[in-house]
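Beneath this line is the structure, given in structure tokens, with notes to follow.
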Protein chains: 4
Amino acid sequence: MSSLNKVILIGRLGRDPEVRYMPNGEAVCNFSIATSETWNDRNSGQRQERTEWHNITMYRRLAEIAGQYLKKGSSVYLEGRIQSRKYQGKDGIERTAYDIIASEMKMLGGRNDNSGGAPYDDGGYQQQSYQQAPAQQNYQSAPSYQQEAPSAPPAAPARRAPAAQAAPVEDIDDDIPF
Amino acid sequence: MSSLNKVILIGRLGRDPEVRYMPNGEAVCNFSIATSETWNDRNSGQRQERTEWHNITMYRRLAEIAGQYLKKGSSVYLEGRIQSRKYQGKDGIERTAYDIIASEMKMLGGRNDNSGGAPYDDGGYQQQSYQQAPAQQNYQSAPSYQQEAPSAPPAAPARRAPAAQAAPVEDIDDDIPF
Amino acid sequence: MSSLNKVILIGRLGRDPEVRYMPNGEAVCNFSIATSETWNDRNSGQRQERTEWHNITMYRRLAEIAGQYLKKGSSVYLEGRIQSRKYQGKDGIERTAYDIIASEMKMLGGRNDNSGGAPYDDGGYQQQSYQQAPAQQNYQSAPSYQQEAPSAPPAAPARRAPAAQAAPVEDIDDDIPF
Amino acid sequence: MSSLNKVILIGRLGRDPEVRYMPNGEAVCNFSIATSETWNDRNSGQRQERTEWHNITMYRRLAEIAGQYLKKGSSVYLEGRIQSRKYQGKDGIERTAYDIIASEMKMLGGRNDNSGGAPYDDGGYQQQSYQQAPAQQNYQSAPSYQQEAPSAPPAAPARRAPAAQAAPVEDIDDDIPF
DNA sequence: TTTT
DNA sequence: TTTT
């Protein structure tokens, strides 16, 4: 019997995404998004709100695209899976973090997304199948959203060169579907 | 711009579900299910497997149904949302747990599910809309799957009497869709 | 073994929604939304686009809310199920229509949604569980989006009075979650 | 504003899947699966059941895997999108068919799935990203599940050779995730 | 029939 | 830390 671990989120970024590069040259993007629910309390009748923050991790091309097009306040649709990760906090105590490893992304055009002057507010990109395999977990020894970026991209990246962060859009434009 | 926080899981229970009752008489059910993914490591070419355990929480009628029909090894489809919860560990240190608050359940008939002699291996139940509202979070001060059950169901439950745990199936049979 | 029939759509309304009332007083709302996908043709290298139109049907309170808040051009998140329906075309020939019976809706704030001066661009509403049961199919003898509305709401609606179409927002404001 | 067209189904095959090959050598697999819902009629109180049949289409490697592992009665999890298709019926009249173009599949081990003696009852496979692009629609001029297979696979398939239908499992075993 |  |  197969199992399924699927998460579907729509929310806004709390900060700009961070893109780092792993020793093998693969990009990793981290950010967090907020989802909120509101309801009427059954006892007080008062309007209640609860916000949940989700830590998002993306790899490879999806990481590069997110790093290029998303920013603080962007509204985004994400699909991925829940993945736990042990790490040692600054207090030396082991904790477990939960990340959403996103494999699909669609940019939803919020007001803020247009402020950057981008000529589009629309996006869709599905991760290649091989991305389904979890990336090296050991690389992430702390909550990714608190993690310091590697000092520099690797000199000789394995498998694929990261798109330079200043690369023009055209570099990736030919195979992203928007 | 609305947000969305949706989780869809298919997996097996690691233990029998636990049903407790809150002071207002509402049932709470906790259990955890495993999802696993396998992939071929790109470097070694070796088959890899990773299992993720998800802590599930259900409320009210869905909790009662789960407590009655699921057991260790059962395969189940669940739909719900991710919800974090702060708690103090036995070591006195605050941690954050992540639960899946399930609002929909379908029993998937695995081999183990039939051992109980139940005449069906099929189920579906969708939570009432009002359940969407998060229940009192304060009631859960520790990871729910480690939490001791209240000593007894409340004498005068608010709103709805919990189905007694020994209640015959017929008591709830008339409005569950299986 | 349970089955699952779930559809998740994000798209824009091609026209204003139409709300009708069934003889028992229940509201039915019909509209269609467009989803589009774009890709680079592998042979020509040319950008391709394909738009799909989905016929949406909603019942009861969700129908009333949609009729009140959605309009042509609105962007909306919908969750529901696929349901086929036989009908006789104007040419007297039987055909099969496919509708999405929506049970959950979230309004996604597009530019057009704000033009109406509504003070919110955010919505979420989940259908009550009992709505899961298919409504009387016989009432729909033609594609719903082409169907003429009943001449008038029933004089003595069964079970629940429809919110008059001119009813102020406050009438339903107290139990919808936005 | 991006759009989304996603379908998630769990159901059983009504017949064995059919695999054909397009002129460019790509495999196409067609079958249909049933989903059923049951509910208590609100008036009569009687148990009602409704079965919906979904026409499934898969391309390329997913088509080959489905053709090899699924059969009549198999229980399967599918993810894909809704796609309409105009065709001319035997009576010369144009109709519209609705297919689910599946891009992800997981085999759910039901009783029937084991009768073939397969050493596994578990599967998962996600389509490569490029499959997201709709295949040549013109190739499908009739409801796919009624369509006769091409007389033979092409002599010189473009891009990738189809796994011969009699090929041993090992031929594809090295990169499918089960 | 939406939208970019 | 987003947003309404």
Side-chain angles (χ1 to χ4, degrees), chain A residues 9-18 30-39 47-56 69-78 106-115 118-124 143-146 176-178, chain B residues 1-5 84, chain C residues 9-18 30-39 47-56 69-78 106-115 118-124 143-146 176-178, chain D residues 1-5 84:
Chain A
L9 300 173
I10 295 176
R12 288 186 187 277
L13 278 75
R15 295 177 183 276
D16 287 349
E18 292 180 18
N30 288 289
F31 56 88
S32 58
I33 69 169
T35 59
S36 64
E37 42 180 342
T38 55
W39 71 98
R47 203 94 195 104
Q48 307 287 321
E49 179 169 9
R50 182 192 164 95
T51 296
E52 189 71 44
W53 286 95
H54 308 267
N55 299 321
I56 311 296
Y69 294 113
L70 297 181
K71 61 176 191 296
K72 178 178 174 174
S74 295
S75 181
V76 69
Y77 167 94
L78 295 173
K106 284 175 187 288
M107 288 154 65
L108 301 176
R111 237 146 313 191
N112 292 11
D113 294 327
N114 300 322
S115 63
Y120 47 80
D121 65 351
D122 179 338
S144 52
Y145 52 97
Q146 296 176 2
I176 62 168
F178 63 88
Chain B
M1 177 75 76
S2 282
S3 63
L4 179 71
N5 175 355
S84 62
Chain C
L9 300 172
I10 295 176
R12 285 185 187 279
L13 277 76
R15 295 176 183 277
D16 287 350
E18 291 180 18
N30 289 289
F31 57 88
S32 57
I33 68 168
T35 59
S36 65
E37 44 181 342
T38 56
W39 71 97
R47 202 95 197 102
Q48 307 287 320
E49 180 170 7
R50 180 191 165 94
T51 296
E52 189 71 44
W53 286 94
H54 308 266
N55 299 322
I56 311 297
Y69 295 112
L70 298 180
K71 62 175 189 299
K72 177 177 174 175
S74 295
S75 182
V76 71
Y77 166 94
L78 294 173
K106 286 175 186 289
M107 289 155 64
L108 301 177
R111 237 147 312 193
N112 292 11
D113 293 327
N114 299 321
S115 64
Y120 49 80
D121 63 353
D122 180 337
S144 51
Y145 52 97
Q146 296 175 3
I176 61 170
F178 64 89
Chain D
M1 176 73 76
S2 282
S3 63
L4 179 72
N5 175 354
S84 62

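Chain A is the first sequence line, chain B the second, and so forth, proteins listed ahead of strands; every chain is numbered from 1.
Atom pair A/Glu37:CD and F/dT2:P shows a separation of 19 Å (rounding to whole Å applied). To the nearest angstrom, C1' of E/dT2 lies 14 Å from CG of C/Leu9. Taking atom CE of C/Met107 as the reference point, atom P of E/dT2 lies 19 Å away to the nearest angstrom. A straight line from CH2 of A/Trp39 to P of F/dT4 spans 20 Å, rounded to a whole angstrom. Spacing between atom CD1 of C/Ile10 and atom C1' of E/dT3 amounts to 14 Å, rounded to whole angstrom units. Rounded to an integer number of Å, the gap from C/Asp16 CG to E/dT1 P is 14 Å. Summarising the geometry, the separation between NZ on C/Lys71 and P on E/dT1 is reported as 20 Å, rounded to the nearest angstrom. In this entry the distance linking CD1 of A/Ile33 with P of F/dT2 reads 14 Å, nearest Å.
Each of E/dT4, F/dT2, E/dT1 was ranked by its minimum atom distance to the side chain of C/Glu49; first place goes to E/dT4. Distance from the side chain of C/Thr51 is smallest to E/dT2 among E/dT2, E/dT1, F/dT2. Which of F/dT1, E/dT3, F/dT3 sits closest to the side chain of C/Arg12 comes down to E/dT3. In the set F/dT2, E/dT2, F/dT1, the nucleotide with an atom closest to the side chain of C/Ala34 is E/dT2.
Ion pairing of A/Glu49 with A/Arg47 is absent here, as no side-chain N (NZ or NE/NH1/NH2) approaches a carboxylate O to less than 4.0 Å.
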Check your understanding: Can you list the steps and then say if C/Phe31 with C/Lys72 is a side chain to side chain contact (heavy atoms under 4.5 Å, CB included)?
Key -> CA-CA 9 Å; C/Phe31 57 88; C/Lys72 177 177 174 175; over 6 Å; no
Check your understanding: Where do A/Ile10 and C/Ile10 land on the side chain to side chain contact (heavy atoms under 4.5 Å, CB included) test, with the steps shown first?
Key -> CA-CA 11 Å; A/Ile10 295 176; C/Ile10 295 176; 4.0 Å; yes
Point to revise | Candidate pair C/Arg15 and C/Ser32, rule side chain to side chain contact (heavy atoms under 4.5 Å, CB included), full reasoning | key: CA-CA 7 Å; C/Arg15 295 176 183 277; C/Ser32 57; over 6 Å; no
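On a pure distance criterion of 3.5 Å, no polar donor-acceptor pair joins the side chain of A/Ser36 and the base of F/dT3.
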